[in-house]
Amino acid sequence: DTEVTQTPKHLVMGMTNKKSLKCEQHMGHRAMYWYKQKAKKPPELMFVYSYEKLSINESVPSRFSPECPNSSLLNLHLHALQPEDSALYLCASRRQASGGYEQYFGPGTRLTVT
Amino acid sequence: KNQVEQSPQSLIILEGKNCTLQCNYTVSPFSNLRWYKQDTGRGPVSLTIMTFSENTKSNGRYTATLDADTKQSSLHITASQLSDSASYICVVTQTNFGNEKLTFGTGTRLTIIP
């Protein structure tokens, strides 16, 4: 298994809803990431988990809550989002490659907040 | 300020033709440089990864070059196919105490027309 999977592919939610995004990898990678990507813009780092512990939080609003239940799974819990939070949310995991680390990206979840 | 600039912003070429995309960076210290292909609404897929000491790396019809002295990289696509239509993103990595920071370019939108 050499891929990062994300569910759901698409999500539409209201501003009062609570939902979760799920990311999974079975490559034994011990670092996992959440990125947010707006249309025609590069991905922006949100969170980094290393060995199931949160190591980086890029000053993300508390309405986004990450969770790493085990080394293969990464969740992003969403609550009271704003329309401007609509974006493609990408998950990635990291492996050691020759010359440094290499990140593998999932296909993303397209989130629309109404 | 760490920056990655790509040119052109967009490019349209005929199927079967070759093209070259450019990436200039000011990121320091430098760990590696990667080119990713991203289809619309999908996660980025790694094409090549290059370290400081590597000048050229190929992956099928994709050939990346790196000049660490001038801090420039290029991605050459040979005999383009319709499936090459995508955004191509240059990403430069800094590594510090086991954590890496990725600086993304804004991408080149490539369209292949029949």
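- Of all residues spanning residues 34-48 of chain B, those with a heavy atom less than 4.5 Å away from chain A's heavy atoms are B/R34, B/Y36, B/Q38, B/G41, B/R42, B/G43, B/P44, B/S46, arranged by number.
- Neither the backbone nor the side chain of A/L45 comes within less than 4.5 Å of any heavy atom of chain B.
- The same ILVMFWY cluster, assembled from side-chain heavy atoms under 4.5 Å apart, contains both A/M46 and A/L78.
- When the side chains of ILVMFWY residues are joined at heavy-atom separations under 4.5 Å, either directly or via intervening members, A/L88 and A/V4 end up in two distinct hydrophobic clusters.
- Taking hydrophobic clusters as Ile, Leu, Val, Met, Phe, Trp and Tyr residues chained together by side-chain heavy-atom distances below 4.5 Å, A/V113 shares a cluster with A/W34.
- Note on A/L21: it does not cluster hydrophobically with A/V12, by side-chain heavy-atom contacts below 4.5 Å among ILVMFWY residues.
- In this structure, chain B has a heavy atom under 4.5 Å from the side chain of A/Y33, while its backbone stays farther away.
- Of residues 5-15 of chain B, no residue lies under 4.5 Å from chain A by any heavy-atom pair.
- No continuous path of ILVMFWY side-chain contacts below 4.5 Å connects B/V4 to B/V91, so the two sit in separate hydrophobic clusters.
- Scanning for side chain to side chain contact (heavy atoms under 4.5 Å, CB included) contacts around A/H79 gives A/K18, with sequence neighbours left out.
- Remark: A/K19 NZ is loosely packed, at most 12 non-hydrogen atoms of other residues, nucleotides or ligands lying under 6.0 Å away.
- Contact annotation for A/Q37: only side-chain heavy atoms (C-beta onward) come within less than 4.5 Å of a heavy atom of chain B.
- At a heavy-atom cut-off of under 4.5 Å, chain A is reached by B/L102, B/F104, B/G105, B/T106 from residues 102-111 of chain B, listed in order of number.
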